[in-house]
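Please read all numbers here as calculations on a predicted model, not as lab measurements. Each chain gets a letter, A, B and so on, in the order its sequence line appears, and its residues count up from 1.
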Protein chains: 2
Amino acid sequence: MNKRITIKQIAKALGVSISTVSKALNDSYEISDETKAKIQEYAKLHKYKPNTLALSLQNKKTKTIGILIPNILNYYFARALRGIEKVATEKGYSIITCITNESYEKEVETMEMLSNGTIDGFVACVSVETLKLKKFDHFHDILEEETPIVLYDRAHKDIKCDKVVTDNIKSAYKATRFLMKSGCKDIAIISTSEGLNINKFRIKGYLKALTKYGVTPNENLIIKQDNEINLIERINNMLDNNKVDGIFSVDEVSGAIATQVLNKRNVKIPEEVSIIGFTNGLLSRYGSPPLTSVNRFAHTTGEVAATRLIDKLEGKIKFDDIKTEIIKTKLVERESTKKLFIKF
Amino acid sequence: MNKRITIKQIAKALGVSISTVSKALNDSYEISDETKAKIQEYAKLHKYKPNTLALSLQNKKTKTIGILIPNILNYYFARALRGIEKVATEKGYSIITCITNESYEKEVETMEMLSNGTIDGFVACVSVETLKLKKFDHFHDILEEETPIVLYDRAHKDIKCDKVVTDNIKSAYKATRFLMKSGCKDIAIISTSEGLNINKFRIKGYLKALTKYGVTPNENLIIKQDNEINLIERINNMLDNNKVDGIFSVDEVSGAIATQVLNKRNVKIPEEVSIIGFTNGLLSRYGSPPLTSVNRFAHTTGEVAATRLIDKLEGKIKFDDIKTEIIKTKLVERESTKKLFIKF
DNA sequence: TTGAAAGCGCTAACAG
DNA sequence: CTGTTAGCGCTTTCAA
């Protein structure tokens with residue numbers, strides 16, 4: 001950002017006015033072809049590039065959007081980011097990506113910092129901590145200034161803005177039903193971010209499926225906790241004391257851990273115990289065995305969220321026109337479940 | 001970015017001049033405590049926030065750095081990003097993260113776009129395609145404008161700037177030696193991004209270790225290709241036609257795939273075949289069995305790179321003072337290799 | 001202690 | 001067709 005040439009310098013060098021240069025560079029009809037050519041040539045020669053900052057200041061638009069990601073090591077978010085990024089680039093927007101590390105404070109700080117004219121709008125996923133604390137004032141403040149926000153994946157009804165989410169209850173319902181149809185009777189569920197409402201929904205879907213098919217839920221087969229600590233012990237413990245022939249893991253990592261535990265116990269997957277995971281990421285794909293998993297179309301989610309935001313920024317949708325879009329999921333069969341011959 | 005209040009409005013509302021407000025807000029000694037109090041109070045009340053754009057335009061500094069990531073689904077890069085982000089935040093910098101998807105064109109576009117005053121400097125990792133094409137003009141151009149760049153992980157000697165890299169030869173040497181010391185005689189190596197010079201270095205380290213310990217490298221045990229297509233077949237093929245008791249995977253995914261293949265063939269890991277992976281990510285940690293792996297300290301790499309860049313931006317280091325920092329690796333033992341009793 | 005004015009790089013209305 | 005001027009939001013001399 002040092003030796004960069006400005007419009008002013010070009011004007012001086014060529015003995016024309018600043019506005020002539022500006023217009024010539026913008027290929028305005030007002031300028032003669034001759035002058036235009038001269039100016040454009042000089043600009044190219046000296047690698048002129050307009051200063052984005054000055055432009056943004058002028059237009060009151062930055063053409064950049066702020067992205068909030070709770071945890072970039074999570075496959076789902078990384079994929080979603082790609083989707084957002086793709087759409088943004090296509091439509092000429094840059095993105096500023098910020099990682100909140102599931103921290104409320106970081107989230108607040110970041111949003112404060114960016115909403116100073118740096119970005120035109122947000123695509124955000126609420127952090128676990130924020131969801132637990134139920135403090136959403138930072139969202140309200142920004143929305144009040146008419147800066148649009150699109151929430152993806154994790155949302156909360158108290159934040160009144162556009163949302164793009166997974167149908168968690170239904171997906172969990174279908175995954176559980178799949179296990180039952182493939183012959184599982186004693187299906188356990190593992191959830192490791194109990195604070196998340198979306199995981200509660202998944203448990204709800206699981207319970208709904210059991211009930212629907214006349215199975216009484218067994219408290220001992222439900223492992224809910226807030227982290228991965230001791231998960232191995234708890235699974236071993238459950239396996240020691242209960243009959244289990246199916247496991248539904250509500251996130252990728254616990255699916256992988258369950259697989260490790262079963263392999264270690266020399267339990268045959270899927271012959272003795274089937275596993276279904278949630279979020280069809282690298283761990284599911286490259287596990288031993290590869291896991292049957294609920295694919296959540298993270299990339300699509302990102303695309304839809306970014307599209308919605310940009311449409312709003314460009315006035316195609318009114319600020320107050322709020323919508324929640326639901327992204328369907330699809331079960332991807334791999335080797336951790338028994339083959340089903342009847343589709344349903 | 002709508003109803004935001006400006007310094008001008010405050011000035012009018014309070015019947016003082018713009019510069020008085022500016023000074024008061026910056027707590028200047030020139031302004032009486034009384035006026036200051038009045039202005040600051042009003043500002044707080046109306047949630048005044050300075051417009052970052054205007055500030056940057058004024059200061060010719062944006063306090064943001066551009067990050068280039070080839071592939072965010074790669075654990076190493078995701079971790080590195082966290083490291084960069086951490087340091088940047090600590091030092092009051094924002095980051096703009098851009099994903100190049102290993103594409104030359106995307107890389108060029110992105111760097112062009114950002115070097116218009118949007119960012120003060122870059123922390124970048126060169127894409128595979130760029131490395132193959134050996135076209136580095138976009139880097140040269142930016143460096144010529146005295147915009148600092150710090151390259152991390154993948155670098156090239158033709159780009160004259162700061163670098164933070166892994167000692168690939170040595171790490172591969174040590175990993176291979178570890179396999180030999182644990183009793184492996186016929187050690188295969190798998191590399192799936194042949195275009196990458198860093199992978200060539202890893203193969204070099206592997207060969208060096210074999211030679212050093214008197215083992216003649218066997219061409220049939222070296223799988224090099226540019227992607228993951230047919231990798232399963234090739235590994236199976238290799239296993240069918242050769243004696244193999246150790247596998248060194250030069251990246252995470254091929255480590256996971258090798259594990260899948262061995263498990264499928266009911267080969268006992270590590271009793272019959274040992275595996276060592278490179279980059280100690282989720283796949284190594286949560287695999288079945290968990291993989292012994294070369295930990296590359298991606299987080300540290302990111303921290304070091306960001307620190308270097310910011311030091312340069314803040315004039316602590318001269319622009320022309322160029323350095324390559326090498327981040328050491330460490331072998332993390334897990335269950336895919338036999339225990340060693342003699343440390344070396 | 002306060003304010004007027006110039007300027008960061010650029011655009012746009014208006015005059016010439 | 002070209003130039004003058006004002007202004008985006010802010011800081012910073014320099015005067016008052």
#### Entry: A/T20 side-chain N/O to D/dG3 phosphate OP1/OP2 under 4.0 Å
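Checking A/T20 against D/dG3: at least one side-chain N or O falls below 4.0 Å of OP1 or OP2.
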### Message
Quick check on D/dT11: is either OP1 or OP2 less than 4.0 Å from any side-chain nitrogen or oxygen of B/S22?
### Response
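Yes, within the criterion.
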### Message
Let's test your reading of the model: under 3.5 Å, does the base of D/dG7 pair with the side chain of B/K8 as donor and acceptor?
### Response
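By the distance-only test, no, there is no pair.
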### Task
With DNA chain C as reference, determine whether A/S19 or B/K36 sits nearer its 5' end, using the nearest nucleotide of each.
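Between the two, 5'-proximity favours B/K36.
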Residues [X] and [Y]: side-chain donor-acceptor under 3.5 angstrom:
{"X": "B/N74", "Y": "B/R79", "answer": "no"}
{"X": "B/S103", "Y": "B/T100", "answer": "no"}
{"X": "B/Y93", "Y": "B/E314", "answer": "yes"}

#### Entry: Strand contacts (DNA chain C) in residues 38-46 of chain B, 4.0 angstrom heavy-atom criterion
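Nucleic-acid contacts, sorted: none.
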### Query
Roughly, in whole Å, what's the span from CD in B/Q58 to C1' in D/dC8?
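Rounding to the nearest Å, CD of B/Q58 and C1' of D/dC8 are 12 Å apart.
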### Task
Report the distance from atom NZ of B/K12 to atom P of D/dG7, rounded to the nearest whole Å.
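These atoms are roughly 12 Å apart.
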### Message
Of all nucleotides in DNA chain C that come within under 4.0 Å of a heavy atom of chain B, which is furthest toward the 5' end and which toward the 3' end?
### Response
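Footprint of chain B along DNA chain C, 5' to 3': C/dT1 to C/dG9.
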Run the salt-bridge test on [X] and [Y] with the 4.0 Å N-O cut-off and return the result as yes or no.
{"X": "B/K312", "Y": "B/D162", "value": "yes"}
{"X": "A/D120", "Y": "A/K63", "value": "no"}
{"X": "A/E102", "Y": "A/R154", "value": "yes"}

### Task
Select from B/A54 and A/S17 the residue whose nearest nucleotide in DNA chain D is closer to the 5' end of that strand.
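Between the two, 5'-proximity favours A/S17.
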### Among B/E112, B/E109, B/E107, side-chain hydrogen bond (donor to acceptor under 3.5 Å, both in side chains) partner for B/H138
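So the option named by the test is B/E107.
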#### Entry: Angle by which the axis turns from one end of the helix from C/dT1-D/dA16 to C/dG16-D/dC1 to the other, five pairs per end, to 10 degrees
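Inter-axis angle at the termini of the helix from C/dT1-D/dA16 to C/dG16-D/dC1: 60°.
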### Between B/H156 and B/F139, ring centroids under 6.0 Å
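Judged by ring-centre distance (under 6.0 Å), B/H156 and B/F139 do not meet the cut-off.
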### Message
Would you say CD of B/E105 has more than 12 non-hydrogen atoms from neighbouring residues, nucleotides or ligands within 6.0 angstrom?
### Response
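No - once you tally the heavy atoms of other residues, nucleotides and ligands closer than 6.0 Å, there are 12 at most.
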### Message
Taking CD in A/E41 as the centre, count heavy atoms belonging to other residues, nucleotides or ligands within less than 6.0 Å. Is the count above 12?
### Response
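Open.
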#### Entry: Validation row: A/E325, A/K163 side chains within 4.5 angstrom (heavy atoms)
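No, side chains not in contact.
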